[in-house]
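Everything on this sheet refers to the single structure shown next.
Basis for what follows: all heavy atoms, side chains included, without hydrogens, waters or symmetry-related copies. Each chain gets a letter, A, B and so on, in the order its sequence line appears, and its residues count up from 1.
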Amino acid sequence: MIRVLFFAGLREQLGCAEMEVAAAGASTLAELRESLSARGDRWRRALANPNIQMAVNRSVAAADCALASGDEVALFPPVTGG
Amino acid sequence: MIRVLFFAGLREQLGCAEMEVAAAGASTLAELRESLSARGDRWRRALANPNIQMAVNRSVAAADCALASGDEVALFPPVTGG
Amino acid sequence: MVSVSVAVQSEPFDVGAEYTQLRARNCADGAAAIFVGSVRDLSDATRVTRLQLEHYPGMTEQVLRQIAEQARARWCLGRVRIVHRVGSLGAGEDIVFVGTSAPHRQAALDACAFVIDLLKTRAPFWKKEIGPDGEFWVQARQSDREALEKW
Amino acid sequence: MVSVSVAVQSEPFDVGAEYTQLRARNCADGAAAIFVGSVRDLSDATRVTRLQLEHYPGMTEQVLRQIAEQARARWCLGRVRIVHRVGSLGAGEDIVFVGTSAPHRQAALDACAFVIDLLKTRAPFWKKEIGPDGEFWVQARQSDREALEKW
């Protein structure tokens with residue numbers, strides 16, 4: 001399984017902070033994002049935002065990053081700390 | 001009279017922190033410096049240093065700055081605070 | 001104090017105490033630079049009474065540490081300290097502390113500016129402004145991305 | 001606290017208290033930058049145990065105030081505070097504090113760097129290093145004059 005976390009505005013849009021997905025259907029970040037988008041209109045709209053950033057195992061990662069069971073993926077809006 | 005102050009290494013070289021000179025013989029900073037240099041070898045050597053800075057009434061001033069009785073002149077090495 | 005130290009906390013930090021730590025048993029460094037960011041009461045046209053700060057626990061500390069190490073790789077630095085608050089903050093409260101020490105001032109000042117610029121665009125924190133007009137997620141600023149270009 | 005404040009004093013300053021003053025009743029400024037210079041125990045090859053700081057009373061305060069006003073004319077700043085110590089200072093002791101506050105971080109950071117760069121080359125202070133090898137007036141550095149070129 002892959003653990004998927006959502007933060008800030010994206011978490012609120014999706015109404016979801018954390019979920020688990022099967023590693024089988026998500027061999028890359030892009031694939032994972034696509035399968036999440038297919039969960040419904042709300043997900044498609046929220047994940048269509050090109051500014052959404054992605055991290056794998058707590059490091060920012062590009063769409064072609066390979067995923068494996070046990071990975072922790074996070075999706076979030078551009079950061080606004082400091 | 002013009003009040004003349006010396007600071008830091010220059011004060012130590014001259015063995016003088018403060019003196020008064022007649023305004024008559026020092027109508028500009030350059031003239032004042034020349035008359036001070038004429039006070040002896042120690043003064044000539046110390047004041048020949050091109051890095052010596054000059055201030056009139058507590059503002060840095062150039063050699064052609066006009067002087068008048070009551071002015072406060074200061075001569076000092078390049079500053080090293082901070 | 002070790003040379004790199006980061007903290008993510010809900011409690012306020014004490015700028016004087018942080019400075020003391022930065023300088024403790026550290027006579028080799030003649031320069032220290034500090035940046036503190038705090039909650040303004042006026043963000044664009046919206047009055048802000050509180051700020052809610054969310055972060056990604058685990059990733060945040062790692063990114064802050066990486067930023068500090070990048071600064072140390074680039075400048076001759078003694079210490080780098082980063083403290084960032086999370087949770088609910090009132091107007092005027094401090095949010096972030098960046099402290100650097102170095103033998104020479106330019107390194108301390110540049111590294112301090114570098115760390116806060118990178119933190120603004122890389123560290124996974126998100127601000128929500130809460131005021132009489134409602135709650136709004138703060139939008140990332142183009143100017144923050146542009147600030148990175150000088151590094 | 002008024003918007004520009006300078007002090008020349010033999011007593012130590014308290015960085016935490018200075019920061020508190022910079023921010024007191026000042027919710028419009030979301031950013032504060034601080035620089036602190038202190039006595040290193042190692043200057044080039046000479047070990048320094050004490051520093052004697054001389055200044056030109058009357059001119060010093062005026063120059064510090066002018067530098068602060070120049071910074072305020074150039075950046076959108078809230079407050080500028082400069083404290084410089086004089087007299088005899090031991091290794092590790094703080095010498096100079098520069099604090100700026102501003103609505104935005106770049107202004108606070110740039111102004112802080114500007115003030116210390118100008119102070120180093122304009123304010124009438126002179127350092128004498130005292131160590132086991134004798135007493136030496138610190139020589140002005142070319143690098144300090146060059147630092148001005150960026151402003």
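Side-chain contact between A:V60 and C:R122 is absent, with no heavy atoms from C-beta onward closer than 4.5 Å.
Ring geometry, C:Y56 versus A:F76: the interplanar angle exceeds 60°, so the pair is classed perpendicular (tilted spans 30 to 60°). Between C:W75 and C:W151, the two ring planes are perpendicular [angle over 60°; tilted spans 30° to 60°].
The side chain to side chain donor-acceptor pair (under 3.5 Å) test with C:R85 singles out one residue from C:H55, C:Q9, C:E93, and that residue is C:E93.
Heavy atoms of C:Q139 lying under 4.5 Å from chain A belong exclusively to its backbone.
Looking only at heavy-atom pairs under 4.5 Å with chain A, the residue among C:F97, C:F35, C:W137 that has the most is C:W137. Your options are C:Q52, C:Q66, C:Q62, and the one with the most heavy-atom pairs under 4.5 Å with chain A is C:Q62.
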